[in-house]
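Only this structure's heavy atoms are used, side chains among them; waters, hydrogens and symmetry mates stay out. Chain letters run A, B, ... following the sequence lines, proteins first and then strands; every chain starts at 1.
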Amino acid sequence: MLTVRLPDGSEKNFAHSVTPRHVAEEIGPRLAKAALAAELDGATVGIDFALPEEGSVALRILTKSDPESLAVMRHSCAHVMARAVMRLRTGVRLAFGPTIDAGFYYDFDLDEPISEDDFPQIEEEMRRIIELDEPFERIEETREKSVQICRELEQTFKVEHIQEGLANHETLSFYQQGEFLDLCRGPHVPSAGVIGAFKLVSVAGAYWKGDQSRQQLQRLYGTAFFRQQDLKSHLETIEEARKRDHRVLGKRLELFSISPLVGSGLILWQPKGAVIRGLLEEFVKSELQRRGYQPVYTPNVGRVELYEKSGHYPYYSDSMFAPIMMEQDEQYMLKPMNCPHHIMIYKARPRSYRELPLRLAEFGTVYRYEQSGELSGMTRVRGFTQDDAHIFCTEDQVADEFRGCIDMTQFVLKSLGLENYRVRLGFRAPDSDKYVGPEASWERAQQSLVEVCDSLGMAYEVELGEAAFYGPKADFVVTDCIGREWQLGTVQLDYNLPSKDRFDLEYIGSDNTPHRPVMIHRAPLGSMERFIGVLIEHFGGAFPLWLAPEQVRVLTVSEKSEEYGREVEEQLQSRGFRVAADYRAEKLGAKIRDAQLELVPYMFVVGERDREAGAVSVRDRVESRNLGAMSLDSAIDRLQAEVSQRLVRRTFSGDAGLGERGTSNEY
RNA sequence: GCCAGCGUAGCUUCAAUCGGCAGAGCACCGCAUUCGUAAUGCGGGGGUUGUGGGUUCGACUCCCACCGCUGGCUCCA
């Protein structure tokens, strides 16, 4: 006998084999009709799933109102899409078609490539399939039979997947809908009719099993919702993201530019962007000073031998700019990392334990030859400046230093209105030869990271295989105001570069014998380019007052007030504000409009009335509102208070569902 | 690097019918206007249609190569 526990605490007993559908029918016909899937002891299953005949299970029937059913429905929609493509095309071989955060995709190998022009036709065919409202039927087969079925269907990727990826599965499942039969773990919704609204989003290349050395397939991305209005609002959020694109805003607001003649992926900071960067650097520098870091400067090139010693050259030569050849035995690299240089500063003389922790900081510019297809605006570039520092400390100091790095990162992010983030601990993958150093050091380093995170009560997730080659790391993955994730700051523990085989770092301990220090690599912002790119999108170009390239614009009502306007402008300038003025022979409305669109936080409107009173009329951009006339001094006090608090007055808040594309790998 | 798409004036605002005279808006410059909280009017300049080659009587339009960009894949010390 089976006991089924329901969410309301009640229990139902069944003497014979049942499915969630039967359970739902027992509860009521309404629920049975609305049931799309079920949650069985925490896992999502289809409503036709055969529950065990004995024992006790927790079961929750899932309907449209449960978020879990959205993923199930989207996976079904991926099948509908694949079915439509197979109706329209010949020689379609199916690969994987999972659900992702914002929708789903399916990978195909096709005789003729699909382009976006084909979307309307595919969508039309999908609509037809959905109208038929045919059920998704689950079929279970033995391995041999499954291979045979896939062979007959000429689905060679599926054959391979059964034989390799699913080698330890005794039985396999298929889902059938009309003429469409696909190897698939499921679950699926009962029938296609529940797919309320869908849209094909994009088409892209993707390698079979994510392996660059294997065949490239076409990946068709789509999304689906139960209700048309949810699809609409999803598309609106994508549109919102598009409007905030830092590449567009960066050009419009004259923050940065990229010139093909200078080179792809190389950022030219325009004056206004340079203001923002300079302010952020000052902000970080003052924190570094407070926290006992010492600034250093190092050159932009270094001999190849330096990077051979560090191990970067053997590991990353493909993504480094080629060496600069001088003589046969004299080659220089553009530096891809600052750490080897900082290490040489440490090594410039013998070190005592009394000096540790030694914290060396530099806004170090590095160059990496990223693949051309990787480049994107400021977020993925070939030259960038890290807010870098390397801490050399004793084993005993590691935890405190690591804690200090986390603290500084949290402080900096918070000051910029980036309060939504998670921490990802990147650990080594077992049995990989990608890493340097003995396993014991790795264990120790990984253990320290976990202990510090636990002691701070900080949530984190461990990801295997995400470590740097020399040590494990803690990455800060920041969610911006429309729900997209960005990897920004990082703290990395390193027991390897100091080792005998690498740079053989030492300090003399209190026992008067040499000891090996531990290194911590850390960059709270990551790179200035990427960080500011993300900030542009986060703020939609409307920077808080303390960072705004132009903080105040003086607007004259007419040319009659120009002289007074210039006085006000000069006053603001001398009080430390970044100020501009609009003396054009335009109407006030036009000047206001331009300043609003250029995202200037405050406008000081000056006319004859103000001149007579020695006042300014303050207009606030955020509220798009006239705050009224006030004395210049009180207006300045007001702004100064806002600057000194580093007040972040507004960021859009919402969720585009554009988060990292984590897949749950249905097949 | 790979797959797909795109490239017309400073502008990710865009037009140019089937291959038949490259044209608007915004921005910019000039003149007039002297204005009180999101666009004053008039006039003007600005183009080797990404680059190079090909097909054609004729190419923004069709074909090839290259460059750049976009969306993905792979990569990310």
Side-chain angles (χ1 to χ4, degrees), chain A residues 105 107 110 113-118 201-221 242-243 245 247-249 251-252 254 257-261 263-264 307 310-320 335-340 366 368-377 379-381 386 426 434 436 466-471 473 475 487 490 492 494 497 521 526-527 530 555-562 584-597 603 605-610 617-621 624-629 661:
Chain A
Y105 67 75
D107 286 347
L110 301 156
I114 284 176
S115 85
E116 291 193 16
D117 297 339
D118 301 319
V201 174
S202 63
V203 57
Y207 300 102
W208 168 232
K209 295 205 165 173
D211 185 344
Q212 201 169 359
S213 68
R214 307 198 65 175
Q215 188 180 356
Q216 187 152 38
L217 310 169
Q218 275 208 305
R219 175 169 299 177
L220 215 46
Y221 284 98
R242 200 187 64 81
K243 274 191 264 175
D245 189 327
R247 295 165 299 193
V248 178
L249 288 175
K251 188 184 276 187
R252 206 185 91 204
E254 299 183 298
S257 57
I258 297 169
S259 150
L261 192 55
S264 299
Y307 296 102
S310 72
H312 290 106
Y313 192 53
Y315 275 88
Y316 294 107
S317 57
D318 283 352
S319 45
M320 285 162 86
K335 79 173 170 188
M337 284 295 280
N338 300 302
C339 37
V366 297
R368 299 177 185 177
Y369 195 79
E370 305 287 355
Q371 301 183 81
S372 60
E374 293 305 333
L375 303 174
S376 177
T379 56
R380 200 70 197 276
V381 292
Q386 298 173 309
K434 185 180 138 191
V436 298
E466 290 298 310
F469 75 88
Y470 49 69
K473 58 180 183 171
D475 287 331
Q487 202 234 289
T490 183
Q492 309 178 355
D494 182 358
L497 292 183
H521 309 235
S527 99
R530 165 168 261 252
L555 308 180
T556 48
V557 173
S558 79
E559 284 174 304
K560 279 195 280 189
S561 311
E562 179 169 342
R584 290 175 302 166
E586 281 292 348
K587 286 184 163 180
L588 180 59
K591 296 183 185 184
I592 286 173
R593 181 168 194 272
D594 289 345
Q596 288 275 153
L597 293 176
M603 288 153 246
V605 174
V606 296
E608 289 306 275
R609 245 165 33 210
D610 303 288
S617 296
V618 178
R619 185 185 165 92
D620 174 31
R621 189 204 62 83
S624 192
R625 189 168 73 85
N626 181 9
L627 303 178
R661 295 190 141 156

Sorted by chain and number, sequence neighbours left out, side chain to side chain donor-acceptor pair (under 3.5 Å) with A:Q492 holds for A:Y470, A:T490
Could you work out the separation of B:U34 and B:U49 based on their P atoms and round it to a whole Å? 44 Å
Sorted by chain and residue number, the side-chain contact (heavy atoms from CB on, under 4.5 Å) partners of A:Q371 (sequence neighbours excluded) come out as A:Q212, A:E374
Looking only at B:G68, B:C73, B:A4, the nucleotide nearest the A:Y207 side chain is B:C73
inquiry  = Classify A:G210 by what it touches in the nucleic acid, base, sugar-phosphate, or nothing, heavy-atom distance under 4.0 Å.
reply    = sugar-phosphate
Legend entry - Flag for A:N626-A:S617: side-chain donor and acceptor within less than 3.5 Å: no
query: For atom C1', what is the distance between B:C29 and B:C18, given to the nearest Å?
result: 40 Å
Testing B:C73, B:U33, B:G36 for proximity to the side chain of A:E608, the answer is B:G36
Sequence neighbours excluded, the answer for salt bridge (charged side-chain N to carboxylate O under 4.0 Å, His left out) partners of A:R368 is none
Protein and nucleotides 11-14 of chain B: nitrogen or oxygen contacts under 3.5 angstrom:
unit_1, atom_1, unit_2, atom_2, d
B:U12, OP1, A:K251, NZ, 2.6

Symbol by symbol from the 5' end, with Watson-Crick or G-U pairs under 3.5 Å, [ ] crossing and | another strand, RNA chain B is (((((((..((.((.....[..)))).(((((.......))))).....(((((..]....))))))))))))....
Whether the side chain of A:R530 and the base of B:C76 hold a donor-acceptor pair under 3.5 Å is what I'd like checked.
no
A:H312 has its side chain closest, among B:A77, B:C73, B:U34, to B:A77
Per nearest nucleotide of RNA chain B, the residue lying toward the 5' end, A:G373 or A:M320, is A:G373
**Message:** Would you measure the distance from the P atom in B:U55 across to the matching atom in B:C64 and give it in whole Å?
**Reply:** 15 Å
- request: Can you tell me, in whole Å, how much space there is between the C1' of B:C60 and that of B:C6?
  value: 14 Å
Check: protein-nucleotides 60-66 of chain B nitrogen or oxygen pairs below 3.5 Å:
none

- Query: Is a side-chain donor or acceptor of A:R530 paired with a backbone partner of A:Q487 at a separation under 3.5 angstrom?
  - Reply: yes
| Is the shortest side-chain N/O distance from A:Y221 to OP1 or OP2 of B:C73 below 4.0 Å? | yes
From CG of A:L261 across to P of B:C67 the rounded distance in Å is 15 Å
Out of B:A77, B:G1, B:U74, minimum distance to the side chain of A:E374 belongs to B:U74
Contacts of A:Y369 meeting ring-ring contact (aromatic ring centres under 6.0 Å, His included) (sequence neighbours excluded), chain-then-number -> A:F321
A:K560 NZ to B:U34 P, in whole Å, measures 9 Å
Considering only the P atoms, how many Å lie between B:U70 and B:U8, rounded to the nearest integer? 14 Å
Say you pick atom P in B:U74 and the same atom in B:A15; how far apart are they, in whole Å? 35 Å
Contacts of A:E562 meeting salt bridge (charged side-chain N to carboxylate O under 4.0 Å, His left out) (sequence neighbours excluded), chain-then-number -> A:R566
Those residues at least two apart in sequence (or on a different chain) that pass side-chain contact (heavy atoms from CB on, under 4.5 Å) with A:S213 are A:D211
Quiz item: Does A:S202 get its side chain close enough to the base of B:A4, under 3.5 Å, for a donor-acceptor pair?
Solution: no
Notebook entry, point to check: If we take the C1' atom in both B:G36 and B:G43, what is their distance in whole Å?
Noted result: 29 Å
Check: Stacking check: are the rings of A:Y470 and B:A77 less than 5.5 Å apart at their centres and under 30 degrees in tilt?
Finding: no
Residue set satisfying side-chain contact (heavy atoms from CB on, under 4.5 Å) with A:R584, at least two apart, ordered chain then number -> A:D582, A:E586, A:K591, A:D594
Determine the Euclidean distance between corresponding P atoms of B:C11 and B:A77; express it in Å to zero decimal places. 35 Å
In whole angstroms, the gap separating C1' of B:G72 from CG of A:L375 amounts to 14 Å
With sequence neighbours left out, the residues meeting side-chain contact (heavy atoms from CB on, under 4.5 Å) with A:A204 are A:Y221
Original post:
Checking all strands, does A:Y315 fall into the base, sugar-phosphate, or nothing category for heavy-atom contacts under 4.0 angstrom?
Top reply: nothing
Heavy-atom contacts, protein to nucleotides 37-44 of chain B, under 4.0 Å, summarised as B (base), S (sugar-phosphate only) or - (none) per nt, yield BBBB----
